[in-house]
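Written below as structure tokens is the structure these notes are about.
It should be emphasised that the depicted structure is a prediction, and the values quoted were computed from it without experimental measurement.
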Amino acid sequence: MNFEWTDEQQAFRRKLVDFLAANLPEDWEEFSKHGPASPALTEFARGFCRKLAENGMLFPHWPKDIGGEGLGPWEQQILAEVMWEYGEPRGGQYMNVNWIGPTMLKYGTEAQKAKYLPQISAGEMLWCQGFSEPNSGSDLASLRTRAELEGDHYKVNGQKIWTSYAGLADTCFLLTRTSDDRKKGITILLVPMDTPGITVRQIPSLIGEGDIHEVFFDDVIVPVGQRFGEEGQAWEIIGYSLTNERLGIPRYHLAREALDRAVGILKANGEFTRETVKAEAARCAALCEAARTAIYAIVQKRVDGGTVGPESSSARYATVQAERAVSEFVVEYVPEALAGQSAFLQMHHQRGIVAGIASGAAEIQLNIIASDVLQLPREPR
């Protein structure tokens, strides 16, 4: 398969880079080092995403009738690579591009599309996803946040944890339990974060400012019209959503950029001479390119109209391996970069910490590969 960029795709990448050069502040790397969820970057992103939308670069792969440019999956991938290479100036709104928007298009009611898509396509909306719970992390089917139907509304009680962007988000894509059936009893509600009864507490962490939170729901009233899909349809919907989310962040590209910068520091200091260092850098580069190839194969499958299945977990795990290897390389050979000498490498290190957890833990991806790709029998319980 030929993965060379066409002239049009190269021009699109240059257009994005030129736009960023003209619209990001001079101290951008320092400004953005605490990650896309930091309050400062989130505030910056609201104005920046409006500019992207006005210039046709927020959702270039969407159909024109809903605010896009009618381009394709390759342009979506180029967009993601460039944005993450520059520290993700879209902030948490990249979720709109990766999975909220596509999921809304596929499963939303006409009223929900009319309400949310214009705000999303204009770059004006920030979401959070209410998935994980204190005792239901990667095992989503065991979640316990309850939504009881009472006439024309649901009453929601429960708790979510590790919720990215919750402190600044407008709306929560919330998984709730509406019956005791393990998977068929899960229902999605779209809940405004200013609804009475919602309490958000930030969790201090090493992975960036404002990244993770606890969210409590105490007798939260949600109209039936805010249900997304049918009762019990959530498992199908989130399967589709997570396939998009797992591939949405081009961590392989971010990792390769971090590796190149680390090697650049070593060369500038005259320290890229030992064969062991060169060999480890080569191994990291190979892992990055292996992950890139796995992702690109799936992008091509989308171009060809195919359905992306469990192979997304294989690509996701390859990316985790690349991220971990590069992070370890930086810690081993250029630790001073993490002590204030490189804002970009600090940012990458924070992102790398969660590479094997976000969008489904690496161990869960391995289970999916074992059962759905390799068709291995499950361990007896």
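Using a 4.5 Å cut-off on side-chain heavy atoms (C-beta onward), Leu174 and Lys160 make contact. You'll find the side chain of Val200 stays beyond 4.5 Å of the side chain of Thr163, heavy atoms only. Between Pro89 and Met83 there is a side-chain heavy-atom pair separated by less than 4.5 Å. The side-chain heavy atoms of Phe19 and Leu52, taken from C-beta on, include a pair separated by under 4.5 Å. The side-chain heavy atoms of Glu88 and Met347, taken from C-beta on, include no pair separated by under 4.5 Å. Residues Gln159 and Val215 have side chains not in contact (no heavy-atom distance under 4.5 Å, counting atoms from C-beta outward). Two residues are said to be in side-chain contact when any heavy atoms from C-beta on lie closer than 4.5 Å; Leu79 and Phe59 fail this criterion. At least one side-chain heavy atom of Thr145 sits less than 4.5 Å from a side-chain heavy atom of Val156.
Taking the six-membered ring where the residue is Trp, Phe173 and Phe131 present tilted rings, their angle falling between 30° and 60°. Ring pair Phe44/Phe48 is parallel by interplanar angle, where below 30° counts as parallel and above 60° as perpendicular. In this pair, Tyr107 and Tyr240 present their aromatic rings perpendicular. The plane angle is above 60°, beyond the 30 to 60° band.
For Lys155 against Glu150, the heavy-atom pair with the smallest separation is CE-OE1, 3.6 Å. In terms of heavy atoms, Ala53 sits closest to Ser121 at CB-O, 3.4 Å. Shortest non-hydrogen contact noted between Ala262 and Phe329 is CB-CE2, 4.1 Å. For Pro39 against Leu168, the heavy-atom pair with the smallest separation is CA-CD1, 3.7 Å. Minimum interatomic distance between Leu345 and Ala258 (heavy atoms only, all atoms of both residues): CD2-O, 3.4 Å. Heavy atoms only, all atoms of each residue included: Ala255 and Cys288 are closest at CB-SG, 3.9 Å.
Side-chain atoms of Arg177 come within 3.5 Å of backbone N or O of Asp181 as a donor-acceptor pair. A side-chain donor-acceptor contact under 3.5 Å links Trp28 to the backbone of Tyr86. Here the side chain of Gln9 pairs a donor or acceptor atom with the backbone of Thr6 at under 3.5 angstrom. Under a 3.5 Å cut-off, the side chain of Arg256 and the backbone N or O of Leu287 do not form any donor-acceptor pair. The backbone N or O of Pro223 sits nowhere less than 3.5 Å from a side-chain atom of Gln226 that would complete a donor-acceptor pair. Not a single donor-acceptor pair under 3.5 Å links the side chain of Glu336 to the backbone N or O of Ser342.
Taken to the nearest 0.5 Å, the CD atom of Glu236 stands 7.5 Å off from the NZ atom of Lys106. In this structure, the separation between CD on Glu69 and NZ on Lys64 is 6.5 Å, given to the nearest 0.5 Å. Expressed to the nearest 0.5 Å, how far CD of Glu332 lies from OG1 of Thr276 amounts to 9.0 Å. With rounding to the nearest 0.5 angstrom, the NZ atom of Lys33 is 4.5 Å from the CD atom of Gln346. Considering CG of Asp219 and CD1 of Ile198, their distance stands at 12.0 Å, rounded to 0.5 Å. Atoms CG and CZ, on Leu58 and Arg50 in that order, are 11.5 Å from each other to the nearest 0.5 Å.
There is a path of hydrophobic side-chain contacts, each under 4.5 Å, that joins Met57 to Leu117. Hydrophobic clustering (side-chain heavy atoms under 4.5 Å, transitive across Ile, Leu, Val, Met, Phe, Trp, Tyr) keeps Val224 apart from Met104. Leu189 and Ile100 fall into different hydrophobic clusters, where Ile, Leu, Val, Met, Phe, Trp and Tyr are joined by side-chain heavy atoms under 4.5 Å apart, directly or via other members. Residues Leu149 and Phe217 fall within the same hydrophobic cluster, defined by Ile, Leu, Val, Met, Phe, Trp and Tyr side chains chained together at heavy-atom separations under 4.5 Å. Ile78 and Leu20 fall within the same hydrophobic cluster, where Ile, Leu, Val, Met, Phe, Trp and Tyr residues are linked whenever their side-chain heavy atoms come under 4.5 Å apart, directly or through other members.
The pair Arg261-Glu257 meets the salt-bridge criterion, since a charged nitrogen lies less than 4.0 angstrom from a carboxylate oxygen. Salt bridge absent: Lys15 and Glu75 never bring a charged side-chain N and a carboxylate O closer than 4.0 Å.
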- Task: Please report the C-alpha distance between Gln233 and Thr187 in whole Å, then the side-chain angles of each, then the deciding distance to 0.1 Å, and finally whether the side-chain contact (heavy atoms from CB on, under 4.5 Å) criterion is met.
- Result: CA-CA 6 Å; Gln233 195 182 7; Thr187 299; over 6 Å; no
- Please report the C-alpha distance between Glu54 and Lys51 in whole Å, then the side-chain angles of each, then the deciding distance to 0.1 Å, and finally whether the salt bridge (Lys or Arg N to Asp or Glu O under 4.0 Å) criterion is met. CA-CA 5 Å; Glu54 291 165 0; Lys51 290 182 181 179; over 6 Å; no
- Task: Begin with the C-alpha distance, continue with both residues' side-chain angles, and end with the deciding distance and a verdict on side-chain contact (heavy atoms from CB on, under 4.5 Å) for Asp170 and Gln119.
- Result: CA-CA 11 Å; Asp170 304 300; Gln119 298 177 71; over 6 Å; no
- Does the side-chain contact (heavy atoms from CB on, under 4.5 Å) test come out yes or no for Leu190 and Trp127, once each step is laid out? CA-CA 10 Å; Leu190 307 179; Trp127 294 73; 3.9 Å; yes
- Message: What verdict does the salt bridge (Lys or Arg N to Asp or Glu O under 4.0 Å) test give for Arg274 and Glu280, after you've listed the backbone C-alpha separation in whole Å, the side-chain angles of each residue and the deciding distance to 0.1 Å?
- Response: CA-CA 10 Å; Arg274 286 184 294 158; Glu280 186 58 25; over 6 Å; no
- Could you give me the CA-CA distance, side-chain angles and deciding distance for Leu254 and Phe344, then say whether side-chain contact (heavy atoms from CB on, under 4.5 Å) is met? CA-CA 10 Å; Leu254 184 64; Phe344 182 90; 3.7 Å; yes
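Side-chain contact, His348 with Glu323: a donor N or O sits under 3.5 Å from an acceptor N or O. Between the side chains of Gln129 and Tyr165, no donor N or O sits under 3.5 Å from an acceptor N or O.
For the pair Arg227 and Tyr154, the cation does not sit on the ring face, since its NZ or CZ is not both under 6.0 Å from the ring centre and inside 45° of the axis.
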